[in-house]
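Since this is a predicted model, take the numbers as computed values, not measurements.
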Amino acid sequence: MFRAEHARVVATLARRLGDLDLAEDATSEALLVAVERWPVDGIPPNPGAWLTTVAGNKALDRIRREGRRDTKEAEAALMATQLSGGSPEPGGPIDDDRLRLVFTCCHPALALENRVALTLRLLGGLTVAEIAHAFLVPERTMEQRITRAKKKITAAHIPYRVPAAADLPARVSGVLAVLYLVFNEGYLSSGVVSRTAGPDAAAPVAVRAELCEEAIRLTRLVASLLPDEPEPLGLLALMLLTQARAEARVVDGELVTLDAQDRALWDPALIDEGHALVRRCLTIGRPGPYQLQAAINAVHCDAVDVSMTDWSQIRALYDQLQLMTPSPVVALNRAVAVAELDGAAVGLALVEDLAGALDGYHAFHATRADLLRRLGRVVEAGDSYARAIELAGNPAERAWLTRRRAAL
């Protein structure tokens, strides 16, 4: 709960204060107060409003304590007015603080990697350690990136609002990239825990449902801003078709791969909505990476049994995706489809070609291990499973990989 409320309160205070550091610090202080008082006094009827009020008062106290009273007194007066129910500054076409925060963090003035890192920190509530793990960089390096991004927003006077319609196309690709990563972190958590993580992050978790739900909610808002743009619709379809399988994906703390899932647990309403969005994208006729990924997931969801999966269509879609956005990860997923069609030996040859690019990626070693297992090369398969276990951060994935290795 604390992660979700953290994002809401930071977003609200960031708009009111125009200062990300102050908003985040005040929110952290309010959460500490909650940890101390709620076990004694009970959780308030509206936890979010309670935290926002306490965090706002903490920020107001800090502003008043600072020595630069000429500018800070005006900020304190504005803050006090807004906390007491006064009207805030207009924030754009959609009155949603968290969406405004996403567009602020994804401003073109910031480097793309810094946009993603900052949004994951503020919107997703991820620790610096978790973000560093996702980017494969040291924690200290990531901390510096986030700090620089905050300072850039302040120095450049980047506004906290959803851009006007004319500015949306230039900003939306970065926003979609961030929402995609927020969803992925929710659907398959990195599982990394920092020494400074909050009380609700004391142990790794397999799934963070609140991140998936928030990413879907915000993607719906972005799609409503650009109803004729297919990529927001494609990303929304991808999220819904993926989320439809959530109930079947982790059972008793262990990952259940697509081929072994109980498809009766899949959510038919989400699948129907996802399919409808994919068809809508097709009518627009401007294919993009998210649309292609959504189409791949739609093919998987079409199969009532794994044996009925149309791997030829999936390979064709990966061929298009590889041409549009070539990457080793896309090539790895394509190799899985090839292995289903042409055999494990053919797929393994394609996977081996990616060793240099993906040696630090646990899914590469897991895929290689499975293909080696299918070919009867159990010693090599065991070594690849061991490497995948070493690299995997998600506890459910580690449990599945450990069992697969033991089964050899």
Side-chain angles (χ1 to χ4, degrees), residues 3-20 23-24 27 48-49 51-52 55-56 82 87-110 112 114-126 146 149-150 152-154 156-187 208-240 243 277 290:
R3 281 182 184 268
E5 295 300 341
H6 178 275
R8 293 187 183 95
V9 178
V10 169
T12 300
L13 292 186
R15 172 175 55 81
R16 293 175 175 176
L17 296 169
D19 187 323
L20 281 175
E24 191 173 14
T27 301
L51 287 168
T52 301
Q82 293 175 350
S87 299
E89 292 296 318
I94 289 183
D95 186 22
D96 187 285
D97 282 333
R98 281 167 287 175
L99 186 62
R100 284 197 286 266
L101 182 59
V102 172
F103 274 99
T104 301
C105 293
C106 295
H107 195 279
L110 303 177
L112 179 59
N114 293 349
R115 298 179 211 171
V116 175
L118 184 60
T119 311
L120 289 173
R121 176 74 187 102
L122 298 179
L123 180 75
L126 274 64
I146 293 172
K150 290 178 182 177
K152 179 73 173 181
I153 286 173
T154 300
H157 301 290
I158 294 173
Y160 290 82
R161 65 168 183 261
V162 176
D167 300 322
L168 278 172
R171 299 277 290 280
V172 75
S173 60
V175 170
L176 295 180
V178 167
L179 293 177
Y180 177 66
L181 289 173
V182 170
F183 179 85
N184 283 346
E185 177 60 28
Y187 197 69
R208 291 178 181 157
E210 77 280 0
L211 290 186
C212 295
E213 292 166 4
E214 181 67 356
I216 290 172
R217 187 186 74 84
L218 292 172
T219 304
R220 286 189 189 278
L221 291 178
V222 174
S224 70
L225 285 172
L226 297 164
D228 297 322
E229 288 295 323
E231 276 294 81
L233 298 174
L235 178 57
L236 180 57
L238 172 60
M239 289 179 177
L240 295 176
Q243 183 68 2
L277 288 169
Y290 295 123

If you round to the nearest 0.5 Å, how far is [atom2] of [Y] from [atom1] of [X]?
X	Y	atom1	atom2	value
Ser173	Glu229	OG	CD	11.0 Å
Leu218	Leu101	CG	CG	9.5 Å
Arg121	Asn114	CZ	CG	15.0 Å
Ile153	Ile158	CD1	CD1	5.0 Å
Leu181	Leu211	CG	CG	11.5 Å

Is any side-chain heavy atom of [X] less than 4.5 Å from a side-chain heavy atom of [Y]?
X	Y	value
Val102	Cys106	yes
Cys105	Arg115	no
Leu236	Arg220	yes
Leu118	His107	no
Leu168	Leu225	yes
Leu13	Thr27	yes
Thr119	Phe103	no
Pro232	Thr219	no

What are the two closest heavy atoms between [X] and [Y], and how far apart are they?
X	Y	answer
Lys152	Ala109	CE-O, 3.6 Å
Leu110	Thr104	CD1-O, 4.3 Å
Leu235	Leu176	CD2-O, 3.5 Å
Leu277	Ala237	CB-CB, 3.7 Å
Met239	Phe183	O-CZ, 3.5 Å

message: Main chain of Tyr290, side chain of Glu231: is a donor-acceptor contact present, judged purely on distance under 3.5 Å?
response: yes
